[in-house]
Structures are given as C-alpha cells and as structure tokens.
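Remarks on the structure that follows.
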Amino acid sequence: LRQGQPQVQRSRALSWSLALAGAAALAIALVLSRPATYDTFAPIGQLLALETQLPLKLGPSIQVQGTGQIIVEQADGGGTRLRLVDGSAHFEVDPQGLFRDLSIQAGDAQVSVVGTRFWVQLVEEVVKVRVERGKVRVRHKATDILLRKDESWASAPLKLADLRDL
C-alpha cells in the first residue's frame, strides 16, 4: 500500500493543478470577452466651447481641442458625430483605437475619419479642412473628396494665406 500512496498524491496534485489552470483560463476568457465601454465626458446635445490647452476626450480614441464651439450629437459604440458650430477644432484619432469612427458636420460639409490628425474650421459659412496625418473624407453637397497627409480643402475659393491660418 505504501508504494501506491505517492502515486495517488501525484495524481491528486495533477488534478488540482489542472483544475486551477482551467479556472484561471475561464477567468481570463470572461475578462477578455467583456464588451468594451465608450467613456466620454462630453454631454450630448450641449454647446461646448473648446480650449486650446485642454483636449476634450470623446471616447477612448478621440481627442479634440481648439478655439471653436461644438455640439456632440452622438457618442457611443456606433460612432461619434459632432457639429462644429463655429471656430476651429483640431482632432486626433487613434488609428488602432476602439470606437474611432468620427463624423463632423461643419456648415454644409461633412468630414468623416478613421484614425488621423486633422483640423476643421468654420468661419462665416466657409469650411476649411487640413490633414496632418492619415486620410479624411469630406462630403460637400454631392461631392466626396479624399484628403491625405498635408492636403487641404475649402468649401469656397481661398487664398494660400487663408489655408496657412488653420
């Protein structure tokens, strides 16, 4: 009987080790399968004044700052939709982040992006867009324009000095 006891103890130890490993794997799977949350500090539907020194966090992947005023129309897992009321806004979107779909309505132009850094300005009904990194799609009236790094667009003819102000 004594010869069998060490084997029984080893079998029990192996059983406990496998049970603990299985429980740990289950716990990890449960944590990883939890849906990601969309945290924003911006109230929906309220006029917000942007600040140049303090970025506003819109979900886990989007930050905005500038001198303009925006209204957050949607901010959830389905995307973030903003209206630029006036002024200038600088956006930074993490190209690898969650909930990075962003759309900005500025006057009669709509700017859509997934992972980039860019400016949008609305002054006296003229919309200006300048891309610093990545790509941005601008929809203006019935036209779609794709802007890449270092490209700019305006809804009305502008002088070169006007685009430098962005």
Side-chain angles (χ1 to χ4, degrees), residues 27-166:
I28 290 170
L30 288 173
V31 168
L32 294 178
S33 68
R34 252 184 27 204
T37 59
Y38 187 101
D39 296 323
T40 183
F41 300 106
I44 306 296
Q46 293 184 15
L47 185 66
L48 301 171
L50 298 175
E51 298 182 29
T52 55
Q53 301 302 317
L54 185 63
L56 177 64
K57 186 173 173 76
L58 301 172
S61 301
I62 302 168
Q63 290 188 10
V64 59
Q65 62 190 65
T67 59
Q69 294 182 316
I70 63 169
I71 296 173
V72 180
E73 296 178 341
Q74 176 185 342
D76 56 32
T80 302
R81 192 174 66 243
L82 310 173
R83 179 171 298 280
L84 180 63
V85 177
D86 67 74
S88 181
H90 181 251
F91 296 89
E92 186 162 350
V93 183
D94 179 356
Q96 305 302 317
L98 297 172
F99 309 119
R100 63 187 180 265
D101 294 331
L102 173 64
S103 170
I104 300 105
Q105 188 70 41
D108 57 0
Q110 181 179 3
V111 181
S112 301
V113 61
V114 177
T116 190
R117 186 181 300 155
F118 63 102
W119 285 90
V120 179
Q121 184 176 44
L122 175 64
V123 177
E124 297 177 10
E125 298 185 19
V126 175
V127 180
K128 302 175 194 174
V129 179
R130 181 172 52 89
V131 178
E132 293 179 4
R133 178 186 73 209
K135 297 177 190 174
V136 170
R137 184 181 65 235
V138 178
R139 175 167 292 184
H140 182 250
K141 300 184 181 178
T143 306
D144 279 351
I145 302 108
L146 181 66
L147 298 175
R148 291 178 170 78
K149 180 183 177 193
D150 298 326
E151 292 182 339
S152 300
W153 172 87
S155 62
L158 297 173
K159 296 175 263 174
L160 183 57
D162 292 334
L163 287 173
R164 288 188 189 132
D165 291 341
L166 275 177

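Just so you know, residue 1 is the first one in the sequence shown, and it goes up from there.
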*asked:* If you compare all heavy atoms of D108 against all heavy atoms of H140, which two are closest, and at what distance to 0.1 Å?
replied: OD1-NE2, 3.1 Å
*asked:* If I take atom CG from residue D101 and atom CD1 from residue I62, how far apart are they, to the nearest 0.5 angstrom?
replied: 8.0 Å
_How long is the straight-line distance from CD of E73 back to CZ of R81, given to the nearest 0.5 Å?_
5.0 Å
_Value rounded to 0.5 Å, distance of CZ in R139 from CZ in R137_ = 6.0 Å
*asked:* Determine whether E132 and H90 satisfy the following criterion, side-chain contact (heavy atoms from CB on, under 4.5 Å), listing intermediate values before the conclusion.
replied: CA-CA 10 Å; E132 293 179 4; H90 181 251; 3.3 Å; yes
*asked:* Does the plane of the ring in F91 sit parallel, tilted or perpendicular to the ring in F118? Use 30° and 60° as the thresholds.
replied: parallel
*Considering non-hydrogen atoms only, spot the tightest contact between L84 and A89 and give its length.*
CD1-CB, 4.2 Å
*Could you list the residues that satisfy side chain to side chain contact (heavy atoms under 4.5 Å, CB included) with D86, not counting sequence neighbours?*
Q69
*asked:* Using modelled atom types and a 3.5 Å cut-off, is there a donor and acceptor pairing between side-chain atoms of Q105 and backbone atoms of G107?
replied: yes
*In Å, rounded to the nearest 0.5 Å, how long is the span from CG of L48 to CD1 of I71?*
8.5 Å
*side-chain contact (heavy atoms from CB on, under 4.5 Å) with W153: which of L146, V111, L147?*
L147
*Would you find more than 12 non-hydrogen atoms of other residues, nucleotides or ligands less than 6.0 Å from E125 atom CD?*
no
*Are Q110 and S103 close enough that some pair of their side-chain heavy atoms sits under 4.5 Å apart?*
yes
*Just do the side-chain contact (heavy atoms from CB on, under 4.5 Å) check on L56 and I70 with the steps written out, would you?*
CA-CA 11 Å; L56 177 64; I70 63 169; 4.1 Å; yes
_Could you work out, with side chain to side chain contact (heavy atoms under 4.5 Å, CB included) as the rule, every residue matching Q63, not counting sequence neighbours?_
P55
*Calculate, to the nearest 0.5 Å, the distance between atoms CD1 and OG belonging to I145 and S155 respectively.*
9.5 Å
*asked:* Once rounded to the nearest 0.5 Å, what's the spacing between atom CD of Q65 and atom CG of L54?
replied: 8.0 Å
*Which pair of heavy atoms, one from A106 and one from V127, lies closest together, and at what distance?*
O-CG2, 3.0 Å
